[in-house]
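Atoms within each ligand, like the ligands themselves, are counted from 1 in listed order.
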Amino acid sequence: MKIIDGKQLAQNLRGEIAAGVESLKSEKGVTPGLAVILVGDNPASVSYVTAKEKACREAGMLSREIRLPAETTEAELVALVKELNEDPAIHGILVQLPVPKHISDKAVIDAIAPEKDVDGFTPVNVGRMMIGERCFLPCTPHGIIKLIEFSGMDLKGKHAVVIGRSNIVGKPVAALLSRKETNATVTLCHTGTPDIAKFTREADVVVVAAGRPNTLTGDMLKPGAVVIDVGVNRIPDATKPKGFRLVGDADFESCSKVAGAITPVPGGVGPMTITMLLWNTLESARR
Ligand code: NAP
C-alpha cells in the first residue's frame, strides 16, 4: 500500500510555479498578484487564508491580504471585489468561503471577474469547464486529478466513484474525471444513493468528499483501489494542544489495509488545493 504524499507533489509543483514566477518577472516585468479577502474571524478560515498567503509569498508572488470585520455588508464586499477587478497588480481574487450569513456567497462570486477567478467558482468558469473551453479549473478538483496521476494510475477506462455532489468538490471532480482526455467512467454517489458500497466495491478509484468521518471503510473497497480522501473533520482530542485532531472521510486504518494507494489527512488533498490556486494565479498573470 502506497501513501499518496500530497505534500511532496505540492512541493514539486510549487518549485515549478516559483520558477515560472521568476521568469515572468524577469522577461515581462510582471509579478503575479493574489488578493485574499477574509470576512470575520472563523478559526478554520483564518488558518486557510494564512496558509494561502504564506504559499503565495513563498512562490514569489504578491499577496494582498485583506481582513474585513464580520459586520461588513454585502454591498461593501462586492464594491471591494469590483475595485480589485480593475486593479492591474492583482491577477487573482479569492474570497474565503463561507462568508457571514448576511452576505450571499453567490452575489460575491458573481462579482469576481472570470479572468481573475482563480478559485474557478464563477458560473462562467464552471460553464467553460463543462464544455471543455479554456478556463481556471477549480483548485481542489484539479489537485485531486494531479494526485491520482501522481499515484501512478492511468485513469483511461477506469471506474471512478465520487462520493459527494457539492459544487466545489464532488460535481467538478466527476466532470474532470469524465473529460475525454481523462476518460474514466464515473459514478457520482450522494445521500440519495441507497447502497454506496455496491458501487465503491467495483471502483478502481474512490474520491470521498462527504464531510463526514468513516463515510468510506475498508470493506467498501476493491483490493488495490486508489482512495482520495478530501474530507477535513475536526474530532475532539484532549491529548492535542488545540483540543482536536483532523481526520478525513475515509477510515484510514481499514481502508489502508485494502487500498493500493491512499491520501492521508492531513497531507493529501489540502496542500494540493493551495498549490493549484498558485498555479491558476500564475496562469492568470501570464495571460
Ligand atoms: P458539502 O458541501 O457539505 O457536500 C457534501 C456532499 O457529500 C453532499 O453532496 C452530500 O450529499 C454528500 N454526503 C454527505 N454525507 C454523505 C453520506 N453519508 N453518504 C453519501 N454522500 C454524503 O461538502 P464539500 O464542500 O464538498 O466538502 C466535503 C469535505 O471536503 C469536507 O470535509 C470539507 O471540509 C472537505 N474539503 C477539503 C478541501 C481541501 O482542500 N482539503 C477542500 C474542500 C473541501 P447531499 O448533496 O445529498 O446532501
Side-chain angles (χ1 to χ4, degrees), residues 4-7 9-10 13-14 36 42-56 94-99 101 105-106 109 118-121 126 137-148 150 160-177 186-201 203 206-217 219-221 227-235 244-252 255 262-280:
I4 308 169
D5 187 347
K7 278 193 203 157
L9 177 57
L13 288 173
R14 286 186 201 186
V36 179
N42 173 289
S45 295
V46 170
S47 85
Y48 290 142
V49 297
T50 306
K52 287 169 187 175
E53 290 159 350
K54 180 167 172 270
C56 187
L94 180 149
V95 180
Q96 183 65 42
L97 299 177
V99 284
K101 285 198 170 54
D105 288 6
K106 181 176 156 39
I109 291 170
V118 286
D119 253 340
F121 285 171
V126 175
L137 295 180
C139 302
T140 302
H142 192 188
I144 290 168
I145 301 293
K146 294 268 178 211
L147 283 164
I148 299 171
F150 185 59
V161 170
V162 178
I163 307 176
R165 58 177 159 190
S166 73
N167 288 336
I168 62 164
V169 190
K171 277 189 220 159
V173 167
L176 293 181
L177 286 165
V186 181
T187 303
L188 182 59
C189 298
H190 41 73
T191 54
T193 310
D195 184 4
I196 291 178
K198 185 176 101 182
F199 300 103
T200 53
R201 282 194 196 109
V206 181
V207 177
V208 57
R212 207 195 65 155
N214 299 322
T215 302
L216 186 71
T217 47
D219 59 317
M220 296 168 71
L221 289 173
V227 175
I228 306 293
D229 188 354
V230 189
V232 180
N233 304 291
R234 289 184 173 196
I235 301 288
F244 66 86
R245 69 193 153 89
L246 295 180
V247 300
D249 289 347
D251 170 37
F252 188 86
C255 287
I262 184 167
T263 56
V265 177
V269 175
M272 286 303 293
T273 296
I274 299 182
T275 303
M276 301 330 286
L277 173 73
L278 301 179
W279 172 296
N280 282 348

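Listed by chain and number, the residues in a salt bridge (Lys or Arg N to Asp or Glu O under 4.0 Å) with Lys54 are Glu58 (sequence neighbours excluded).
When each atom of ligand 1 is checked for a heavy atom of Thr140 under 4.0 Å away, the hits are 40 (O), 42 (C). Near Val169, meaning under 4.0 Å from one of its heavy atoms, ligand 1 places the atoms 26 (O), 43 (C), 44 (C). Atoms of ligand 1 found under 4.0 Å from any heavy atom of Thr273 (numbered from 1 in listed order, with element): 39 (C), 40 (O). Within the listing of ligand 1, atoms 6 (C), 7 (O), 9 (O), 12 (C) sit less than 4.0 angstrom from a heavy atom of Gly164. For ligand 1, the atoms sitting less than 4.0 Å from at least one non-hydrogen atom of Ile196 are 19 (N), 20 (C), numbered in the order shown with element in parentheses. Set against the non-hydrogen atoms of Ile163, the atoms of ligand 1 under 4.0 Å away are 20 (C), 21 (N).
Thr193 places no side-chain N or O within 3.5 Å of a backbone atom of Ile196 that could act as its donor or acceptor partner.
The shortest separation from a heavy atom of Cys189 to ligand 1 is not under 4.0 Å, leaving the residue out of contact.
For a threshold of 3.5 Å applied to N or O pairs, the pair formed by Arg165 and ligand 1 contains at least one separation below that value. Every N/O-N/O distance between Tyr48 and ligand 1 stays at or above 3.5 Å. Note: no N/O pair closer than 3.5 Å links Gly192 and ligand 1 by distance alone.
For atom 35 (C) of ligand 1, the nearest non-hydrogen atom from the set Val230, Val247, Asp249 belongs to Val230. Of the candidates Leu216, Thr191, Ile168, Val269, it is Thr191 that places a heavy atom closest to atom 11 (O) of ligand 1. Of the listed options Gly248, Gly270, Gly211, Cys139, Gly211 places a heavy atom closest to atom 29 (C) of ligand 1.
Leu216 is not listed as a side-chain neighbour of Asp249, based on a closest heavy-atom distance of 4.5 Å or more.
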Mind listing the side-chain donor-acceptor pairs of residues 43-51 below 3.5 Å, one per line with the distance, residues two or more places apart or on another chain?
{"from": "Ser45", "atom 1": "OG", "to": "Asn42", "atom 2": "OD1", "distance (Å)": "3.4"}
{"from": "Ser47", "atom 1": "OG", "to": "Ala44", "atom 2": "O", "distance (Å)": "3.1"}
{"from": "Thr50", "atom 1": "OG1", "to": "Val46", "atom 2": "O", "distance (Å)": "2.6"}

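Within a 4.0 Å radius of atom 47 (O) of ligand 1, the protein contributes one or more non-hydrogen atoms.
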